[in-house]
S.K.: 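I'd like to ask you about the structure that follows.
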Amino acid sequence: MVLHGGKIAEKAALNRTDEDIAIIKSHLKTRKLTALAGQTLECIDADIAFHTAIADASKNQILADMYRIVAVHLKNWFLESNKGTNSFNQTYDLHKQLLKNIIAHEPKKAWDTAAKIISHK
């Protein structure tokens with residue numbers, strides 16, 4: 001999964017548009033607010049939407065489709081393994097850094113940050 005998550009982040013850093021950034025930012029904000037409010041289901045949905053928006057920003061339909069397939073299983077795993085939003089609060093800074101890497105067109109840093117996020121979960 002690190003390979004695909006890193007590749008998606010790398011491609012997003014190379015191919016994202018300003019519209020993509022606005023969408024990703026919106027989902028990150030929702031993720032943060034729902035995590036702080038302790039709204040687990042809403043936070044999981046926002047996290048998945050954040051990563052799906054990054055996959056869309058990659059402009060690689062195969063990678064985006066792969067992420068959508070995996071996201072269904074991720075949601076179920078998150079629901080089973082997260083009884084609260086602590087892990088989402090703990091990884092917020094990494095998600096924020098990933099967005100910064102994508103905005104700055106830094107594919108290697110985006111790959112590395114995505115790997116850190118994946119290894120944390």
Side-chain angles (χ1 to χ4, degrees):
M1 187 62 173
V2 173
L3 173 67
H4 300 308
K7 182 55 81 176
I8 289 169
E10 177 186 62
K11 292 293 186 186
L14 293 169
N15 299 318
R16 94 312 184 268
T17 65
D18 290 342
E19 182 180 348
D20 294 323
I21 294 301
I23 293 167
I24 297 166
K25 280 183 180 179
S26 172
H27 292 307
L28 184 60
K29 180 179 179 181
T30 301
R31 182 188 184 279
K32 180 180 182 180
L33 294 175
T34 56
L36 290 172
Q39 299 171 322
T40 305
L41 180 60
E42 294 83 354
C43 183
I44 291 168
D45 286 341
D47 182 73
I48 289 172
F50 171 82
H51 290 286
T52 300
I54 291 172
D56 289 339
S58 76
K59 306 301 183 219
N60 182 312
Q61 195 59 50
I62 294 170
L63 290 175
D65 288 346
M66 280 184 4
Y67 184 78
R68 280 185 174 72
I69 292 167
V70 170
V72 172
H73 302 289
L74 273 177
K75 183 173 183 173
N76 292 333
W77 180 81
F78 280 144
L79 287 169
E80 290 175 13
S81 64
N82 292 287
K83 301 304 176 203
T85 58
N86 287 341
S87 67
F88 295 96
N89 285 317
Q90 291 171 0
T91 60
Y92 174 75
D93 288 337
L94 283 173
H95 284 73
K96 187 176 175 183
Q97 184 59 51
L98 177 57
L99 175 58
K100 286 181 181 180
N101 298 148
I102 291 169
I103 290 170
H105 293 287
E106 295 177 328
K108 171 73 170 102
K109 288 182 181 179
W111 178 295
D112 292 343
T113 304
K116 288 177 186 174
I117 290 169
I118 292 166
S119 67
H120 186 275
K121 293 184 179 176

S.K.: Output all residues satisfying side-chain contact (heavy atoms from CB on, under 4.5 Å) with A9, sequence neighbours left out; order by chain, then residue number.
M.R.: L98, A110, A114

S.K.: Rounded to the nearest 0.5 Å, how far does CD1 of I102 lie from NZ of K109?
M.R.: 13.5 Å

S.K.: So, taking the atom named OG in S26 and the one named CD1 in I21, what distance separates them when rounded to the nearest 0.5 Å?
M.R.: 12.5 Å

S.K.: Would a single hydrophobic cluster contain both V70 and I8, if residues Ile, Leu, Val, Met, Phe, Trp and Tyr are joined by side-chain heavy-atom contacts under 4.5 Å?
M.R.: yes

S.K.: Less than 4.0 angstrom from a charged side-chain N to a carboxylate O is my criterion; do K116 and D112 meet it?
M.R.: no

S.K.: Applying side-chain hydrogen bond (donor to acceptor under 3.5 Å, both in side chains), can you list everything that pairs with T113, at least two apart in sequence or on another chain?
M.R.: N101

S.K.: Apply side chain to side chain contact (heavy atoms under 4.5 Å, CB included) to I117 and T91, showing your working.
M.R.: CA-CA 7 Å; I117 290 169; T91 60; 5.6 Å; no

S.K.: Does one hydrophobic cluster hold both L74 and I54, with members joined at side-chain heavy-atom distances below 4.5 Å?
M.R.: yes

S.K.: L33 vs E42, test: side chain to side chain contact (heavy atoms under 4.5 Å, CB included). Steps then yes/no.
M.R.: CA-CA 10 Å; L33 294 175; E42 294 83 354; over 6 Å; no

S.K.: Using the rule that Ile, Leu, Val, Met, Phe, Trp and Tyr join whenever any side-chain heavy atoms are under 4.5 Å apart, tell me whether Y92 and I23 fall into a single cluster.
M.R.: no

S.K.: Return each pair, listed once, that meets salt bridge (charged side-chain N to carboxylate O under 4.0 Å, His left out) where at least one residue sits in residues 78-99; pairs must be two or more places apart or across chains.
M.R.: none

S.K.: Can you name the residues that form a side-chain contact (heavy atoms from CB on, under 4.5 Å) with T30, not counting sequence neighbours?
M.R.: T34, A46

S.K.: Under the side-chain hydrogen bond (donor to acceptor under 3.5 Å, both in side chains) test, which residues partner Q39, sequence neighbours left out?
M.R.: none

S.K.: To the nearest 0.5 angstrom, please state how far the CZ atom of F50 sits from the NZ atom of K29.
M.R.: 15.0 Å

S.K.: Does I103 share a hydrophobic cluster with L94, counting links as ILVMFWY side-chain heavy atoms below 4.5 Å and allowing steps through other members?
M.R.: yes

S.K.: Under a 4.5 Å side-chain heavy-atom rule over Ile, Leu, Val, Met, Phe, Trp and Tyr, are Y67 and V72 clustered together?
M.R.: no

S.K.: Can you tell me how far CG of N15 sits from CG of D56, rounded to the nearest 0.5 angstrom?
M.R.: 12.5 Å

S.K.: Only counting residues at least two apart or in another chain, list the ones meeting side-chain hydrogen bond (donor to acceptor under 3.5 Å, both in side chains) with K59.
M.R.: D20

S.K.: Backbone N or O of F88 within a donor-acceptor pair of the R31 side chain at under 3.5 Å?
M.R.: yes

S.K.: Go through the steps to decide whether H51 and H27 satisfy the test side chain to side chain donor-acceptor pair (under 3.5 Å), and finish with yes or no.
M.R.: CA-CA 9 Å; H51 290 286; H27 292 307; over 6 Å; no

S.K.: For residues G38 and T85, report the shortest heavy-atom separation together with the two atoms involved.
M.R.: CA-OG1, 3.6 Å

S.K.: Give me the atom names and distance for the closest heavy-atom approach of I24 to A57.
M.R.: CD1-CB, 4.2 Å

